[in-house]
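Before any comments, here is the structure.
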Amino acid sequence: MAEIGTDIEKARALLVAGELVAIPTETVYGLAGNALNISAVTKIFEVKGRPQFDPLIIHLRDFNSIQAYTTDVPENAKLLADRFWPGPLTLLLEKKSVINDLVTSGLNTVGIRCPDHVLTHELLKSLPFPLAAPSANPFGYVSPTRPEHVDEQLGNKIAYILDGGVCSVGVESTIVGFEDDIPVLHRLGGLTLEKIESIIGKVKVQVNSSSNPKAPGQLKSHYAPQKKVILGNLKELIQQYPGIPGILSFQEDFQLSFQCILSPSGKLDEAAQNLFSALRSLDKMPIDIILAEPVPDVGLGKAINDRLRRAAG
Ligand code: TXA
Ligand code: MG
């Protein structure tokens with residue numbers, strides 16, 4: 001088990017020494033290491049069991065520090081960063097050579113974001129390097145939104161988990177890249193498409209549900225619990241399924257023994273915040289299948305439905 005605490009100085013010292021620390025962000029917990037230290041970056045891939053073809057994103061304290069790591073920043077990227085950083089938005093930008101190919105899996109762009117969490121912001125301010133950090137879960141599994149989630153799965157592989165409480169957003173950042181300065185959304189996430197389009201106009205959405213070498217987070221099966229997940233109309237699924245299912249509903253109470261309700265009052269932000277905890281709880285229940293329903297496909301609901309589809313593989 002890792003030590004869990006709020007000691008920023010301890011986290012800082014471990015990171016400076018090239019060790020890994022789990023850090024809180026507003027989206028999910030990250031498994032962080034010095035992005036400029038090859039051995040720390042290598043450890044991230046090892047601890048997560050992540051293939052090296054899946055690039056990492058780097059975390060900075062503010063927009064001003066991106067100049068050191070990127071060549072040219074499209075106008076639309078500036079507009080988005082100005083409006084939404086710190087926040088759940090990752091921008092794919094052309095990298096300078098100071099960012100090693102290992103971080104970006106050989107791509108010439110690097111994913112960058114400024115997380116909106118007071119502890120991690122303080123930590124980043126105290127460090128002379130950016131933090132590379134994927135979600136702090138074994139590759140392919142559900143992302144962690146509480147320190148205990150990290151500890152359960154990676155606790156014996158890392159020294160320290162910086163405890164920032166429950167992640168306020170609960171789904172990963174939205175990823176936006178640029179093709180000839182034209183914005184392309186690669187992963188639905190904590191910042192809604194509607195909010196992005198309100199700043200830069202229509203955005204091309206290219207969220208593949210198949211294997212895509214550009215962003216393996218888009219693999220069809222990802223963010224998945226161990227138990228099989230079936231997505232559909234819950235009333236019908238419950239009738240069809242003969243065994244003892246676990247139920248993941250948006251707001252309805254099905255009065256069954258094993259169920260999680262994402263938001264009894266039907267709020268999408270609350271549903272997003274509870275999503276990964278609910279999948280983890282259901283995974284531990286004495287059931288052999290998880291039956292789930294999509295949420296309304298607007299705003300944050302789009303990211304929730306994306307994660308539910310991938311959980312269902
Ligand atoms: O909210 C988040 O983004 C969290 C917190 C910890 O910041 N991080 C996170 O990282 O979700 P990760 O590694 O689990 O997911 C990042 C995704 C991966 O699917 C990766 O393939 C994609 O971003 N990615 C990273 N760099 C990329 C690049 N240069 N081009 C395309 N995709 C990239
Ligand atoms: Mg991840």
Side-chain angles (χ1 to χ4, degrees), residues 20-33 35 41 44-45 47-60 69-70 77 84-95 99-117 119-121 123-124 130-145 149-150 153-154 161-162 164 167-179 184-191 206-209 211-224 272 276 303 306-307 310-311:
L20 306 188
V21 171
I23 55 163
T25 81
E26 77 283 29
T27 59
V28 301
Y29 274 74
L31 176 63
V41 173
I44 294 177
F45 285 100
V47 167
K48 236 188 108 85
R50 177 176 180 130
Q52 291 196 353
F53 60 73
D54 191 357
L56 304 178
I57 67 183
I58 67 168
H59 298 69
L60 303 179
Y69 311 108
T70 57
F84 298 117
W85 278 0
L89 169 70
T90 294
L91 297 171
L92 303 180
L93 301 170
E94 265 173 50
K95 76 174 185 77
I99 300 294
N100 193 277
D101 281 345
L102 183 61
V103 173
T104 62
S105 305
L107 297 172
N108 61 358
T109 56
V110 58
I112 301 189
R113 81 178 195 99
C114 297
D116 187 13
H117 191 291
L119 279 186
T120 293
H121 183 70
L123 179 63
L124 285 167
L131 290 174
S135 53
N137 52 278
F139 182 68
Y141 196 74
V142 179
S143 295
T145 52
H149 295 164
V150 182
Q153 292 184 305
L154 302 181
I161 300 171
L162 190 60
C167 299
S168 59
V169 175
V171 292
E172 301 82 354
S173 59
T174 302
I175 300 181
V176 175
F178 301 88
E179 285 165 12
V184 181
L185 187 147
H186 292 279
R187 177 173 75 179
L188 293 157
L191 180 65
Q206 199 173 294
V207 201
N208 297 349
S209 60
S211 163
N212 176 341
K214 252 196 154 177
Q218 299 177 2
L219 287 176
K220 197 166 180 211
S221 172
H222 210 78
Y223 313 107
F276 290 150
D306 172 87
R307 300 306 185 271
R310 287 176 212 278

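We count ligands from 1, going down the list as the structure has it; atoms in each ligand are counted the same way.
- Checked by distance only, ligand 1 and Arg187 come closer than 3.5 Å through their nitrogen or oxygen atoms.
- Remark: ligand 1 atoms within the under-4.0 Å shell around heavy atoms of Ser173 are 1 (O), 2 (C), 3 (O).
- Applying the side-chain contact (heavy atoms from CB on, under 4.5 Å) test between Leu60 and each of Pro115, Cys114, Pro86 identifies Cys114 as the sole match.
- For a distance bound of 2.8 Å, the N, O or S atoms of Ser143 include none lying that close to the Mg ion (ligand 2).
- When Gly111, Gly190, Pro55 are checked for heavy-atom proximity to atom 25 (C) of ligand 1, Pro55 turns out nearest.
- Within the 4.5 Å cutoff, the side chain of Arg50 has heavy atoms near those of the Leu56 side chain.
- Taking only nitrogen or oxygen atoms, main chain and side chain alike, Thr27 reaches within less than 3.5 Å of ligand 1.
- Checking Val184, Leu188, Ile175 one by one against Val207, the side-chain contact (heavy atoms from CB on, under 4.5 Å) holds for a single residue, Leu188.
- Using a cut-off of 4.0 Å between Lys/Arg side-chain N and Asp/Glu carboxylate O, Arg113 and Glu172 are scored as not salt-bridged.
- Only the side chain of Leu92 comes within 4.0 Å of ligand 1, judged by heavy-atom distances.
- For ligand 1, the atoms closer than 4.0 angstrom to any heavy atom of Gly30 are 6 (C).
- The minimum heavy-atom distance linking Leu89 with Phe84 is given by the pair CD2-CB, 4.2 Å.
- Counting only heavy atoms from C-beta outward, the side chains of Ser173 and Leu191 never approach each other to under 4.5 Å.
- Close approach of ligand 1 to Thr109 is summarised as follows: ligand atoms under 4.0 Å from at least one heavy atom of the residue are 28 (C), 29 (N), 30 (N).
- Proximity annotation for atom 23 (O) of ligand 1: of Leu56, Ile175, Asn108, Val103, Ile175 comes nearest, heavy atoms only.
- With a heavy-atom cut-off of 4.0 Å, His59 touches ligand 1 through its side chain alone.
- Of all heavy-atom pairs between Ala35 and Val41, the closest is O-CG2, 3.9 Å.
- Within the structure, ligand 1 has Arg50 among the residues with a heavy atom less than 4.0 angstrom away.
- Residues Gln153 and Pro138 share a closest heavy-atom pair of OE1-CD, 3.3 Å.
- The shortest separation from a heavy atom of Val28 to ligand 1 is under 4.0 Å, placing the residue in contact.
- Here is the list of ligand 1 atoms found below 4.0 Å of a heavy atom in Leu107: 28 (C), 29 (N), 30 (N).
- Taking only nitrogen or oxygen atoms, main chain and side chain alike, Glu172 does not reach within less than 3.5 Å of ligand 1.
- Taking 4.5 Å as the limit, some side-chain heavy atom of Lys48 sits within range of a side-chain heavy atom of Leu31.
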